[in-house]
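Every number for a ligand or one of its atoms is a count from 1 in the order of the listing. Residue numbers run from 1 in the order of the sequence given.
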Amino acid sequence: MSTVEPRDLKPVWEQLGRQYADDGRMNLGFPGATDITYEDLAHLWSGSLLNNIGSPYDGGHGRNHTKDLEVQIVNMVADIVGAPASRWGYVTDGATEGTEHALLDARRRFPDAVIYASAAGHYMLGELAEKLMMPLVVIGVDDGGGIDVADLAGELARRRDRAAVIVAVAGTTMTEAVDDVPAIVAACDRLSITRRRIHVDAALSGLPLALVPVDGVPRVDFSVRGVTSTVVSGHKFLSTLEPCGVLVYRDQPLAAAAGRVSYTGTASVTLAGSRSGHTTLKLYKSLAGLGTEAHRSRVRACRDTAAYACERLRRIGVDAQRHPHAFTVFFPPPPPELTQRWVVPADDRCAHLICMPQVTRSDVDRFVADWQALVGRRRGLLGARRPAMAAT
Ligand SMILES: Cc1ncc(COP(=O)(O)O)c(C=O)c1O
């Protein structure tokens with residue numbers, strides 16, 4: 001067996017620190033906020049294992065957990081998204097885990113349930129459907145990038161005898177479009193589909209939209225009758241700096257009735273076994289430490305920067321677009337030289353930048369200036385290659 005000799009890791013940490021700082025300055029494309037930091041929690045970082053194993057609602061045998069704070073976090077998020085007192089939830093390792101929990105709950109209630117989600121839904125949905133062995137019907141998107149409710153109604157009508165679990169999206173990955181959840185509920189009502197669950201994947205936009213609603217953008221929270229669960233990512237708007245999420249149900253899921261496991265002394269109600277208690281500390285600082293008014297200001301600042309970015313890009317001739325609530329500005333794929341320099345995800349139709357709180361107007365200016373310079377260089381090259389005009 002080979003052995004690992006201890007080594008001096010200081011240079012490794014220093015190099016990584018420099019690398020992440022440099023990368024951070026060029027990352028405009030992924031929606032992770034980094035403006036809230038956690039130096040004040042450093043003393044809790046080392047020296048204790050914090051494990052929120054099992055249900056947040058009972059401590060279990062171990063005492064080294066942060067479940068009291070976890071329940072407060074669930075309640076804070078539930079209050080923001082308007083969940084009633086019957087709410088239930090927990091801190092997940094991301095929005096994807098929350099959606100999986102909701103899908104599993106739907107399947108337990110209705111073994112014949114069919115999942116419906118738009119083509120602009122998150123790429124992990126296909127994997128989740130496969131893993132849970134549930135059929136997935138992919139619905140088209142409308143002109144605004146949200147689920148095409150007429151198409152959805154047609155697909156629901158074809159399977160009226162089957163239960164439906166509809167995964168609506170609040171903030172599609174590429175354009176941050178929002179599905180019209182009230183219209184989805186109305187479509188189910190019209191078709192008398194009562195064996196149904198409506199889960200809102202609100203990974204990025206759920207909190208911003210609930211904190212600062214925008215006229216004309218449909219509500220996606222629990223004020224919409226019929227929404228049964230929602231999930232938000234913690235590492236997106238809340239700046240936890242590590243992947244996590246908060247799942248909230250309107251009423252207890254079936255899993256909540258699970259009995260206690262004798263070894264842990266707590267019910268196994270989550271998808272994971274052991275869960276980080278440190279993540280909860282960060283969520284608690286972000287939510288309770290700042291308070292909702294500060295988060296509202298963060299939402300407004302992001303939207304302002306996004307409006308600025310959209311305008312700046314248009315001024316250099318880029319067909320940039322943005323939904324009125326969105327932090328995201330999307331546009332046709334830029335030249336590859338630009339996406340090699342900047343972290344800006346692109347598919348064959350569209351690319352985007354996302355104005356999270358740490359993204360400043362001067363970051364936008366640098367990006368726009370780079371794009372403009374590239375276009376200028378290309379024009380120059382084209383001009384140089386063009387054959388000289390014949391003299392008349
Ligand atoms: C619409 C949507 N849902 C889910 C996710 C995944 O969230 P998480 O990384 O918290 O699992 C994303 C991530 O980009 C997303 O855009």
TODO: Look at atom CG of Asp8 and say whether more than 12 heavy atoms of other residues, nucleotides or ligands are closer to it than 6.0 Å.
DONE: yes
Task: Side-chain H-bond candidate by donor/acceptor type, Asp251 with Trp88, under 3.5 Å - done: no
Open item on the list: Suppose clustering is done on Ile, Leu, Val, Met, Phe, Trp and Tyr with side-chain heavy atoms closer than 4.5 Å. Which residues sit in the same group as Tyr263?
Closed with: Val261
Task: Lys67 (side chain) donor-acceptor with Tyr57 (main chain) under 3.5 angstrom - done: no
Task: Sub-4.5 Å side-chain heavy-atom contact between Asp148 and Ser118 - done: no
Task: Pair Arg322 + Glu176: basic N to acidic O under 4.0 Å - done: no
- [ ] Report all protein residues having a heavy-atom distance below 4.0 Å to some atom of ligand 1; order the list by chain, then number.
- [x] Gly94, Ala95, Thr96, His122, Val169, Gly171, Thr173, Asp201, Ala203, Ser233, His235, Lys236
